[in-house]
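This report concerns only the one structure given below.
The chains referred to below are lettered A, B, ... by the order of the sequence lines, with proteins before strands, and numbering in each begins at 1. Atom set for the values below is all heavy atoms of this structure, side chains included, hydrogens, waters and symmetry mates excluded.
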Amino acid sequence: MIVKNITDSAINAVKSLYGAELPAEQFVIQPTREGIKGDFTLVVFPMTKVSHKAPAATAEEIGERVTNDVPEIESYSVINGFLNFTLKNSYWVDFLNENYENETFGGGEKNSGDKIVIEFSSPNTNKPLHLGHVRNNLIGMAVSNILSAAGNEVVKVNLVNDRGIHICKSMIAWLKWGNCETPESSSKKGDHLVGDYYVEFDKHFKEDVKLLENKGMTEDEAKEKAPLTNETRQMLVKWEAEDKDVRALWEMMNEWVYAGFDVTYKRLGVSFDKIYYESQTYLLGKKVVADALQKGLITKDPDNSVWIDLTNEGLDRKLLLRKDGTSVYITQDIGTALLRYNEFHPDKMIYVVGNEQIYHFDVLKLTLKRFGYDWADFIYHLSYGMVELTTGKMKSREGTVVDADELMDEMKSTAMDIIREQGKVEYGTREAEDLSEMVGLAALKYYILKVDPKKQMLFNPAESIDFNGNTGPFIQYTHARIRSLLARASAQTETNTLDNQFRLDGEDIVFNEVEQQLLRSLHDYPVMLEKAAKDYSPAQVANYAFELAKLYNRFYQDTPVLKETDERLRKMRLMLSLFVANNIKNSMKLLGINVPDKM
RNA sequence: GGUUCAGUAGCUCAGUUGGAUUAGAGCAACAGCCUUCUAAGCUGUGGGUCCCGCGUUCGAGUCGCGGCUGAAUCACCA
């Protein structure tokens, strides 16, 4: 708000001083750099073009006008062509008074923005979730929270990939080597059980291929000729023909997997507004493709396979239906996109999917456009980088993955070790149990979300996740510290208690350096949120929360609160502390991280 | 080979729509701070060819072009 006032005033000043109207983008107001007096800074270089004066002189003239014009401004100074405005203390006192106990400070107006459908998670039902899925889920959830907090209407959807050749592999392995094993009989989580059979399939498949290769076939030939290849294909055809036995087996095994996923999702704090199943949507895709074929938008090869030619768009020819008439990945995605658009008519459809599918989404958008769906432009592929291990790549088939459930267990147990060591919360109690879960998951979530989604991450299972420094637990700790301080305060005399509606009468109060920085940082929260929403960037929120926590710890270290003898200063610092605690809590909530009151 | 993305301290990463003679955090290393509101904290020291070159600009880690390195992708897998 104040930033807008200063901007408007500066625009007017330039207009009346130099008779020129510059576009608003030229007026850059930024927080004043640390170490220089001031709260906000206008960069005046762009204005020198119309003032025909040196930057310093131009800054002086504009500074004079704006300071007279905007009542909140106390003074201005000019350094190197940067015009720094200092706001009156009363502005900051008002800011503190109005917002310190507002638990939703900085959020956008509800549903004032776009309607956004965001798809994430999208698991295959043939294996349990691993670290890569964790990144997907956390990004999806955090981006949803951020967009929603910024005032958009967000619909979270999950597209479960419950059909296809990969599922058939697990099914065949279970039939051949499963001995009717069930989650109950083996006391394994259902998704892990099914995943084990996927690995089992691959093991046998590899052996078969090797045998054939020894007989003189090339690798490709061997893969094609391996009996398991044919069996899987036949099973898929049967599945599409709705063969009763195949479908029954399929449903049973999928149920096992869903039960397992539910546990993992719940623990990760992930939820959805709507779940689609590819088994229920792929037919629509086939139909759309058939229509397009009839309209002559795409072509059929002599072997009956259907293709779209995107060479004019700089891509290749792309398969839409196999020669046996079954659908491929893109066929399904065409169907689900259409279904989703018709159901919600969103302004934007976001897909949180790994960067290995960038090409796929290019194809999807172009295909939909070709078919006449202009809303394909609303599709945004939020791609994120692979998670790599120090030990090499993760491959489900080969079992070299960091399993999501195990990872969470490990984080929790590490947290528990630290809790025991510290002895602040009694070991072995329910409280310690809950705290270790909260802290362990915070470490994991923060570790993943603080990195820009675009970047690929390196994960070292042994030593990657820390509990000190720029971490989730550090921020949680700061929150707990503040809560503890506030609890102590209200347990003391009345003069330390912040009643609801308490307002500080302190026009003349003087904020010290760190207090000013805290206020500015808090003031910046709405700006940060808006930008994070615009950029779909949980990392910006994580970074913000860290900076704020760090700042508060510095404040805490050398500024007395309860021991301050001046009652007004004491209360001001309590208010500031509460404000920071609320803000940390909100920021972390956006990342799907809970913060404890005690740790 | 084509396309897309990335390259910043020993390691993991920030770095705002280009902005301040000094490019920041954390980890690791070293030196301090617990009788005092929670030491999962705070303070300090060392550590840089922002991959290279050219260009645009008053100003480039940020934008453009060319190159180098790495990753992903270009499947009748999903």
Side-chain angles (χ1 to χ4, degrees), chain A residues 25-26 28 30-33 35-36 41 43 45-46 48-49 55 79-82 84 122 124 126 161 163-167 233 278 301 303 305-307 314-316 318-324 326 328-330 332-333 354-360 362-363 383 385-386 388 415 418-419 421-422 424 439 443 447 450-452 454-460 463-464 466-478 480-489 492 524 527-528 531 534-535 539-540 542-543 546-547 549-550 553-554 556-564 573 577 598-599:
Chain A
E25 307 88 76
Q26 301 263 344
V28 178
Q30 54 195 209
T32 300
R33 191 188 169 88
I36 290 173
T41 295
V43 183
F45 285 105
T48 56
K49 288 206 175 72
I79 301 171
N80 295 341
F82 292 86
N84 309 306
S122 312
N124 290 342
N126 64 331
N161 197 344
R163 46 143 273 129
I165 207 105
H166 53 291
I167 317 292
R233 282 192 192 148
E278 281 193 356
D301 273 10
D303 69 355
S305 54
V306 177
W307 299 78
L315 304 180
D316 307 278
K318 186 83 190 168
L319 181 83
L320 295 182
L321 283 178
R322 295 194 186 95
K323 64 187 171 199
D324 61 9
T326 54
V328 288
Y329 184 41
I330 189 105
Q332 298 157 181
D333 258 9
N355 63 7
E356 77 274 14
Q357 293 193 28
I358 290 174
Y359 180 76
H360 169 77
D362 286 345
V363 172
S383 71
M386 298 280 95
E388 285 210 41
I418 297 173
I419 287 167
E421 217 172 279
Q422 303 251 342
K424 290 181 199 163
V439 172
Y447 176 79
K450 76 174 176 186
V451 179
D452 186 290
K454 276 198 301 274
K455 295 202 175 181
Q456 61 175 317
M457 334 179 24
L458 188 69
F459 184 80
N460 181 337
E463 58 194 48
S464 274
D466 207 336
F467 287 70
N468 299 312
N470 186 358
T471 66
F474 166 80
I475 298 169
Q476 288 180 316
Y477 175 76
T478 309
R481 238 182 175 183
I482 300 175
R483 284 290 161 199
S484 163
L485 180 73
L486 293 171
R488 194 176 281 264
Q492 288 181 358
D524 195 44
V527 180
M528 179 282 297
K531 188 162 161 37
K534 195 183 115 230
D535 297 344
Q540 288 178 29
N543 209 42
F546 173 62
E547 293 295 334
K550 207 165 40 147
N553 278 317
R554 202 194 311 169
Y556 184 90
Q557 196 69 26
D558 42 44
T559 314
V561 180
L562 296 178
K563 286 185 218 142
E564 172 59 52
R573 287 174 189 160
S577 297
K598 186 182 167 192
M599 72 185 270

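Within the nucleic acid shown, A:Val439 comes within 4.0 Å of at least one base atom, counting heavy atoms only. A:Thr41 comes within 4.0 angstrom of a nucleotide base, judged by non-hydrogen atoms across all strands. Backbone-only engagement by A:Val451 is indicated by non-hydrogen atom pairs under 4.0 Å involving sugar-phosphate atoms exclusively. Among the heavy atoms of the strands lying under 4.0 Å from A:Ala480 is at least one base atom, whether or not backbone atoms are also near. Note on A:Lys550: only backbone sugar-phosphate atoms sit closer than 4.0 angstrom, heavy atoms only; bases stay farther off.
In the set B:G41, B:C37, B:G19, the nucleotide with an atom closest to the side chain of A:Phe82 is B:G19. Here B:A40 is the nucleotide among B:U12, B:C42, B:A40 with the atom lying nearest to any side-chain atom of A:Ile418. Among B:C5, B:U38, B:C58, the nucleotide with an atom closest to any side-chain atom of A:Arg481 is B:U38. Listed nucleotides: B:U17, B:A71, B:A14. Nearest to the side chain of A:Lys534: B:U17. Nearest nucleotide to the side chain of A:Gln30, out of B:A6, B:A40, B:U17: B:U17. Distance from the side chain of A:Asn468 is smallest to B:C27 among B:G15, B:G19, B:C27.
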Revision key, fill the gap. Quick tally for nucleotides 73-78 of chain B: nucleotides whose base has a protein heavy atom under 4.0 Å get B, sugar-phosphate-only ones S, the rest -, giving SS-BSB
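Judged by centroid separation below 5.5 Å and plane tilt below 30°, A:Tyr556 does not stack onto the base of B:G41.
For B:C34, the O4'-C1' to base torsion is within 90° of 0; the nucleotide is therefore syn.
Nucleotides B:C27 and B:G64, compared at atom C1', are 36 Å apart to the nearest Å. Spacing between B:U45 and B:U35 at atom P, rounded to whole Å, works out to 25 Å. When the C1' atom is compared between B:G26 and B:U69, the two are found 26 Å apart, to the nearest whole Å.
Residues A:Asn553 and A:Thr478 bring a donor and an acceptor atom of their side chains to less than 3.5 Å of each other.
A straight line from CD1 of A:Ile482 to C1' of B:A40 spans 15 Å, rounded to a whole angstrom.
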